[in-house]
Amino acid sequence: MPYNHKKIEAKWQKYWKQKKLFTAKDSVNGKKNYYHLTMFLYPSGNAHIGHWYNFAGADVFARFKMMEGYNVMSPTGFDAFGLPAENAAIQHGVPPEKWTLSNIKTMTKQLESMGNIYDWSRVIITCLPEYYKWNQWIFLQMYKKGLAYRKKVAANWCPSCKTVLANEQAEGGKCNRCGSSVEQKEVTQWLLKITAYADRLLEDLETLDWPERTKSMQKNWIGRSEGAELEFPIEDSELKITVFTTRADTLSGVTYLVLAPEHPLLKILDARIRNKNSVRDYIEGSKHKTELDRMTNVKEKTGVELQGIKVINPFNKKIIPVWMSDYVLGGYGTGAVMAVPAHDDRDFEFAKKFELPIIQVISENGKTNKLETAYLEDGVMVNSGELDNLPNNIAKDRIIESIGAKKKVNYKFRDWLISRQRYWGAPIPMIYCKECGTVPVPERDLPVVLPKIKDYLPDGLGRSPLAKSEKFLKVRCPECGAMAERETDTMDTFVDSSWYYLRYVDPKNKKVFADSNKIKDWLPVKMYVGGPEHAVMHLLYARFFTKFLYDEGYLDFKEPFLSLRHQGMIIGPDGQKMSKSRGNVIDPDALVEKFGADSMRVYLCFMAEYSQGGTWDPTGILGAYRFLNRVCDLFSKLDLGKKIKTENGFNSKEHKDLNRILHKTIKKVGEDIVDFKFNTAISSLMILLNETEKRRGLLNKNMADIFLKIIVPFAPHLAEELWQKIGNKKSVHLESWPEFNKHLIEDEEIELLIQVNGKLRDKVMIHRGASQGETEKLVLARERVKEFVGTGKPKKIIFVQDRLINIVL
RNA sequence: GCCCAGGUGGCGAAACUGGCAGACGUACACGCUUCAGGUGCGUGCGACCGCAAGGUCAUGCGGGUUCAACUCCCGCCCUGGGCACCA
């Protein structure tokens, strides 16, 4: 039988659909629920090979769980709000909704062609009011608790387009629409107080089965540091400059302070600054740098001294100068740092460049030495008066105590800015009334529906295009009834994806975001699969939402995703990241047409370790296609006559060997799938096929069944076809994962490696469990070993049972 | 700059807990099969020396620990991901 993948795949996809094999029922007798989730996708237009790679591996795992006996739910959906739809609207005049929904239609078709076990009855589309109503509802709950608030924040601003820009749109300080210089402008924005959850987000990481690298990125992102706030009085003034430092021990080594250009004291001090013009120029200049530019180009440090301003070191009362530089960020700590060039790299460079004094206060040996670079290690105090010779970490607390500073915990991460001056997002449900101030939209009035508009360009005042819709903007105040205005900002799309996993358990509910019983049935998510690019933001935001809803009593768990795995990225054949602009995007449809979904799945699983990803090799799929062809061929020519049916037990060594290989493969494939090592699972299936082909006649019905069952997760269509072809009536997906026989897989004889002086010189077959004495005797008697050992006595013999012996001369 | 990964044959890769480096697959070469081939089957395939047996070298670079290092430690180089308004 030739391998007709097109016919086979269409046939079984239809069959699975008809039998509703993958529609997840809320509960099934005798089965535990298993919620398996793959990050939903952005409807950009076409599914690309990266989606396939991601979803194929995830589906292998989900199918395996199903065969392990779980009631698996594996939903999918679309993260449908976002900038590209709006850009398409501006450039091509297509309404974002139309663009998005039509992309969803195309991509749904493409996804269906994969044959994954998605439950299509639970699809979520975040741009529909029935979904984003609950965004707004959660926002209101946060507002009630004081976790949603408004604040003035610096944003990238294009003075010509009159709009706020994303960092991506402001690369190199130029607006990517019109090329004008981007400025930093203060804008009032909505934020969510994620920092209130900092410690819990940090602590609960310990409870999760997540990649260590992801946990560590989250830890670093949160950036908890324990330190102290120290006050430096300004000379001849009542004012003080407060700095945050984790290195209070280095206080006597402070030779200047540095303020961020946006530090509020600068305005107040302006009158006293002698070099006003250079200071103002510097501040003006820094407004044209994006935050990323400021962080990236720190090699060439810039700065200007605030002449006329001096501060007093609270510890040794020394008078020191104050500088301003953009390597200090306004948003972190207090926006001011104490500079200790002797013990901080950045301060060291800055001091060298501007010829500021460098005073060493910690040293390895109690002596001062000429420093070539900053000394960052611990040591004992020097140049610090009565503290000299104390270990620096003890001195730290003494200093904090003696100047009466308060200890403080600082976090690097900031509250989450969710305001977007864009059209294509969920409206923030707030109303501004002249009389009553900021009034939340009453819950009964939700959703605040995004109006259909015609002009998607910003309104020229920096507001979202929604401000142009009078019908949307003007509204009666829910409290006093007077005419008021709606908030025109929409929400960051990360809000949509911060709770979508909750909605899948009850996607059509109109009364609550999800029924509490269904939440109990399914949640939290057992396995979550998605890209490492989400290691920080999405995953942190989702954890924050879960913790908030837990606190509010809606959930009985504190973490949304118990296990997490990342897929790697597929790079284009030219070694570049795939993107439309580079023109190196691979169209999966053509490959599916030619080789079939199963070949695609097998190849994508085989090409690299799942978490690693790799370069797309257009010819690589041939290997997978050949493999499936050979499987197809093997089973078509299988002799299902009397001989095989009546055979029980094994009638030859060959037969026993084949069975051992089969059982080893069951073990290996199962373990590899659990570890997301799909590449080596496929490789062991290929070995099994090679070995079986050598012993064609020996595959009986029982062995053939097992063979097909362990291929199911990778090539489900072909496995189903062959399964029913060899006489099975029900779907192979209803079968359970075969068990391997522990005793059967142990080889009786072991190949022992013989090394002389650590170099491999010989090998010998020996029975399992042979003792050291027995082995030595056997090995030392071998001609080849004698050649190397000669007449000398071995100095030492290293013996690792069942593995190797190393004779050291 | 900061945080996180990774670097192994022509190519994709594998290697358990420190124990045969290169499984499996591709490409290539040769042979058989075929009217034909992006067919099927077989053999070979890290580099160097050698007719061979075998030997030496080899996992980004430089050092170290060890009987033994792709694996552990120290220093460096390169590539990729993230850095808060792309999702």
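Chain letters run A, B, ... following the sequence lines, proteins first, then strands; residues in each count from 1. Since we're looking at a predicted model, the values are computed, not measured.
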Participant: I need the full list of salt bridge (charged side-chain N to carboxylate O under 4.0 Å, His left out) pairs touching residues 670-689 of chain A, with sequence neighbours left out, sorted by first then second residue.
Facilitator: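 Salt bridge (charged side-chain N to carboxylate O under 4.0 Å, His left out) check on residues 670-689 of chain A returns Lys667(A)-Glu671(A), Lys668(A)-Asp672(A).
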
Participant: Got a sec, which residues hit side-chain contact (heavy atoms from CB on, under 4.5 Å) with Lys151(A), two or more places apart in sequence or on another chain?
Facilitator: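 Lys151(A): side-chain contact (heavy atoms from CB on, under 4.5 Å) contacts with Tyr149(A), Leu191(A).
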
Participant: Excluding sequence neighbours, so at least two apart, what forms side-chain contact (heavy atoms from CB on, under 4.5 Å) with Val800(A)?
Facilitator: Arg803(A), Leu804(A)

Participant: Any side-chain hydrogen bond (donor to acceptor under 3.5 Å, both in side chains) involving residues 529-542 of chain A? Give me the pairs, sequence neighbours left out, ordered by first then second residue.
Facilitator: Tyr528(A)-His538(A)

Participant: Stem list for RNA chain B, please, built from Watson-Crick and G-U wobble pairs under 3.5 Å and keeping only runs of at least 3.
Facilitator: B:1-7 with B:77-83, B:10-12 with B:24-26, B:28-32 with B:40-44, B:46-49 with B:54-57, B:60-64 with B:72-76

Participant: Under the rule for side-chain hydrogen bond (donor to acceptor under 3.5 Å, both in side chains), what residues qualify as partners of Lys763(A), not counting sequence neighbours?
Facilitator: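 Partners of Lys763(A) under the side-chain hydrogen bond (donor to acceptor under 3.5 Å, both in side chains) test: none.
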
Participant: With sequence neighbours excluded, what pairs up with Asp347(A) under the side-chain hydrogen bond (donor to acceptor under 3.5 Å, both in side chains) test?
Facilitator: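 Residues passing side-chain hydrogen bond (donor to acceptor under 3.5 Å, both in side chains) with Asp347(A): Tyr327(A).
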
Participant: Pick out the pairs of N or O atoms, protein on one side and nucleotides 4-12 of chain B on the other, that lie under 3.5 Å.
Facilitator:
{"unit_1": "rG12(B)", "atom_1": "O2'", "unit_2": "Met607(A)", "atom_2": "O", "d": "2.5"}

Participant: Identify all pairs in which a protein N or O lies below 3.5 Å from an N or O of nucleotides 47-50 of chain B, and state each distance.
Facilitator:
none

Participant: Quick test: give all pairs of protein nitrogen or oxygen and nucleotides 37-43 of chain B nitrogen or oxygen below 3.5 Å, distance rounded to 0.1 Å.
Facilitator:
{"unit_1": "rG38(B)", "atom_1": "O6", "unit_2": "Lys594(A)", "atom_2": "NZ", "d": "2.4"}
{"unit_1": "rG38(B)", "atom_1": "N1", "unit_2": "Lys594(A)", "atom_2": "NZ", "d": "2.3"}
{"unit_1": "rU39(B)", "atom_1": "OP1", "unit_2": "Arg626(A)", "atom_2": "NH2", "d": "3.4"}

Participant: According to the salt bridge (charged side-chain N to carboxylate O under 4.0 Å, His left out) rule, which pairs have a member within residues 619-630 of chain A, sequence neighbours left out?
Facilitator: Arg630(A)-Glu693(A)

Participant: Taking only nitrogen or oxygen atoms into account, show me every contact under 3.5 Å that the protein makes with nucleotides 70-75 of chain B, one pair per line with its distance.
Facilitator:
none

